[in-house]
Structure formats: structure tokens, C-alpha cells
Amino acid sequence: MSEKKHTTTSGIEIKALYTEAKPMEELPGEFPFTRGIQKDMYRGRLWTMRQYAGFSTAEESNKRYHYLLAQGTTGLSVAFDLPTQIGYDSDHEMADGEVGKVGVAIDSLRDIEILFDGIELKDITTSMTINATASILLAMYIALAKKQGADLKQISGTIQNDILKEYAARGTYIYPPKQSMRLITDIFEFCSKEVPKWNTISISGYHIREAGSTAVQELAFTLANGKTYLKAALDKGLDINIFAKRLSFFFNCHNNFFEEIAKFRAARRMWAKITKDLGATDEKAQMLRFHTQTGGSTLTAQQPLNNVIRVSNQAMAAVLGGTQSLHTNGYDEALSLPTESAAKIALRTQQIIAFESGVTDTVDPLAGSFFVESLTDEVEAAAWIYIDRIDAMGGSVNAIESNYMQNEIADAAYQYQKEIENGERISVGVNKFTQKEEGLTEVFNIDDSIRKLQSEKLDDLKSIRDQVAVEQALQQLSEAAKGEANLMPLIIDAVEKYATLGEIADVFRSTFGVY
């Protein structure tokens, strides 16, 4: 009887024993940064401990932000509801049933003012998971920073702003790819001059993985999209040594401990080569900086407390892989938005790893491991095969428009589900070690009255704002969108006059069209 074959989630075969690896001469903080982008890593500074939060109204989310900051969170990460993500105000018919459900409802600058009430933007970093309407939400954030008297040269944070993965995996796009890329490169150009510490894009593998990709596909498709953004910025005449420093990445972390660590190490090495080949000579422009979130799709509704262990395992892999910031999921998120108690346990998970485990005491503690070094090489080699294939198609936009990425992800998702159903892959509490469900006593629910509240706020706003000034600002934006001028200053002007998110998105819908 032959021995069972062991593989990673990407199908890379795992040997029973590793007895050698190539010599490890590279040091942390040196090209190609396999061992980390900082010489002293967490001895010098811990990763940013973010908690992804946002639900209901700006008022309710503001309370949660103050709670998280009081518990020791060092960076906020904002979740927006679906209407906000796809450019509809809360009173639009398309928003019915979705307002405040998967994130906070933001209709205007007034909501952003309430969302960050009592929080000085100069004192925190904020990550915003927003794509199609990223330019509008960033404009609102900048407008609030100006009202607070903050120096725009000093405020820092990240907008996801990664529209290519929306076409490939997630679906919250509005405009055609070419017009979407224009908005993204306008943000690159504007922020490089006016908000230089802002990370203008977080190139996201997270949602590619959540859609069912393997670890290798997540890595390959994310870096291929990154190459496309680099080339678009170069085509706009931007200096790669300046704008590449403001690109960051957003990766998922699933349960296969060593494959995830190898993925993060390979990602740094591959991105360093990609940026260098495209002309980057500044080491900081060659460094891959990334945020990690533990795997939402790995959480189970069955025996939800098991998710505490899953999240701990994933968080440890992210730290050993050298992440710059980390969000840990609440154990109850397969059932609802996280309760306060679940969010606190998720944060404490990071704090225990940071202050009790000892893994932060030395840099890249797994370097030189026969297994980890070999697996890093194999993950990298498998990812280059995908990237070379995408390059041969003419890049990510062509690969997406031909459905190549979508089909690869769908095939991987199908294979994974088939393995769960036939028992080849074990999910504890789902297809093995099952028990009669007892359920959670506390589940976080959002009721449908939120839409009524938001609609009333919109009516009130429109009754007191200068409607003539709003219409003029929207008309100027429409005219500019037909040309080639950078749109960010005009978007900021419109939000400062309290034009709504939906009104601005509608200007672009009428000018750019809908995909």
C-alpha cells in the first residue's frame, strides 16, 4: 500500500523529510527582502494591530472605534456598507435592504465627520476598504483632516483602491476598467504631491483568496495586478521611485501554517524583482509592505469557538511571515458582524502573540529551516508560471476581460469544496468531530430602520446646504471627467460643499458609463 500523498492547498507536494536547503546568505532589510523589509523587524516596532469595524450608522461605528482604541488598537480599519461601496446613497432604491449591513453607511462628508468625532486624524492611521468609490471616500477623509487643521503632508493611512481584483473576484465595480484605472492613477498623482504619507493603493489578494483561490493563485494574481498598476502609473509619467513607496498589499492568511509563511516570504522577493525590472532603484520602492487579515472563509458557523484557534494559528503565521499590520477576525463572524466581546478576543490574540509568545524577539525566526526555505522557493516558482502566462496575455486587464483569472479561481474553489464534501480535506466541526449545535447566545444584528435614519439625514443635509454651489461643483467635475485633468481636487471641492457620494458617483456613471 503506497503512502498517502501530502500537499499544500496549492497542490505543492510535501516531502516526509527535508534535509537540505540552498545556503541562506541574505539578511533582513536587504534586497530582495525575503527575510523582511526591516533589519530589526518587531524588535524595533511591532506590527500595527488593526480591527476592521464599521456597521449601521456613523454614530454607532464611532462608538465602536472609541472602544477599540481604548482596548489598545493602534490603527482603525473601516468597513463600508454595500451601497457606499457601489456608489449609491442610502435613500436610493438599489440600497434597499443593504444600508448599514456589512459596514457603515456613508452618504456625505457629514457622516465622515460623525464617524471620526473625537478622533484626531493626525494621531491615527486609518485603512479604508473601498474601491470603486475610493476617490470619493479619500476626498471626504482629506476634507475632514483639513477641517481639523491637520497637516496633509503628515496624515497617513491606506485606501484599498484595487479595482482589478473587483473585476476578478469580488464584484463591487461601477465603471469600465479603463476609466477605473484613470481614477486610480489620478489618486496616485494627487497624493504623491499633496498627501505623501498616504498609501494610495492596497493591492488585494484577500478577496481573491476569499473567492476560492489557492495560496499560489492569490500571490500570483495579486502581484500581476500590482505590475499593471505600476505600468499604468509609469504611463502617466510618474516616478516609480516615488509612487511605488506608497503602494501596499493586502493578503489573506489561511490555515496551512507553513504555506502561508512561505507565501509572504516569496511575495517580498518577487515584488522586489518586479519593481527592479520596471526601473526602481530606490530600495524603499522595491519593498513589499503588506497588511494581513485572517481568513474569513475559513471561519465556521459550526462550533464557532473553534474559530479562536483558527484565527490564532493564522495570526501567528502572518507574524512569522513578517506582516506590517494585522487584522484578526472575530470568532462569531460566520454568523454575524463581530460582537464587542469577539472583537476584544481577536485583538487580545494579537497582543498575546506580541508580548507573550517570544516570536518577536528575533528577526525571521524560521529562516534557514529546510522546509520553509524549500517551500518558499516552490511557492515562488509556481506563482511565476501564472504571472508569465498573464504577461503573455498582455497583463491583468486582458486576463480579467478574457475571464482567465475568474475561471482559475472558480476551478480552485470547486476542487476545494469537492475535497471537503468527500472527506479528503478535514474541517473540524464541519465534516469531522461534529456535534449537535448549541449556538451562540449573543449574535450582532443590524435592523432595517438604519435606511430610514440615513434617508432622514440626507433630507436634512439637502435642505441646509448651498444647492447652487453643489450643482456648480458637480458640473465642473463632469466637464473635467470628459478631459484629462486630475479629478481629485474637484472631487474634494464637491464633498466640501456636501455633495453626496451618490451624486458624485452618478456624475462618473453618466460620463464614464457602467461596466
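Just so it is clear, the model here is predicted, and its values are computed rather than measured.
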Novice: Using a strict 4.0 Å threshold on nitrogen-to-oxygen distance, state whether Asp107 and Lys457 make a salt bridge.
Specialist: no
Novice: Does a side chain donor of either Gln293 or Asn329 reach within less than 3.5 Å of an acceptor in the other side chain?
Specialist: yes
Novice: Do the ring planes of Tyr206 and Phe250 sit parallel (below 30°), tilted (30 to 60°) or perpendicular (above 60°)?
Specialist: parallel
Novice: Within the 4.5 Å heavy-atom criterion, are Lys165 and Thr222 side-chain neighbours or not?
Specialist: no
Novice: Could you report the tightest heavy-atom contact between Cys253 and Thr292, atom names first, then the distance?
Specialist: CB-CG2, 3.7 Å
Novice: For Leu326, is there any backbone N or O sitting under 3.5 Å from a side-chain donor or acceptor partner on Gln350?
Specialist: yes
Novice: Please determine whether a side-chain nitrogen of the Lys or Arg among Arg110 and Glu113 lies less than 4.0 Å from a carboxylate oxygen of the Asp or Glu.
Specialist: no
Novice: Ignoring hydrogens and angles, state whether a donor on the side chain of Thr172 or Glu166 is under 3.5 Å from an acceptor on the partner side chain.
Specialist: yes
Novice: Aromatic rings His92 and Tyr88: how do their planes relate, parallel, tilted or perpendicular, breaks at 30° and 60°?
Specialist: tilted
Novice: How about Asp162 and Ser204: does a side-chain donor come under 3.5 Å of a side-chain acceptor?
Specialist: no
Novice: Checking side-chain polar atoms at under 3.5 Å, does Arg465 have a donor or acceptor matched by the opposite partner on Gln467?
Specialist: yes
Novice: Should the ring pair Tyr141 and Trp198 be called parallel, tilted or perpendicular, given that the plane angle runs from 0 to 90° and is split at 30 and 60?
Specialist: tilted
Novice: Would you check if there is a donor-acceptor pair between the side chains of Ser455 and Asp91 at a distance under 3.5 Å?
Specialist: no
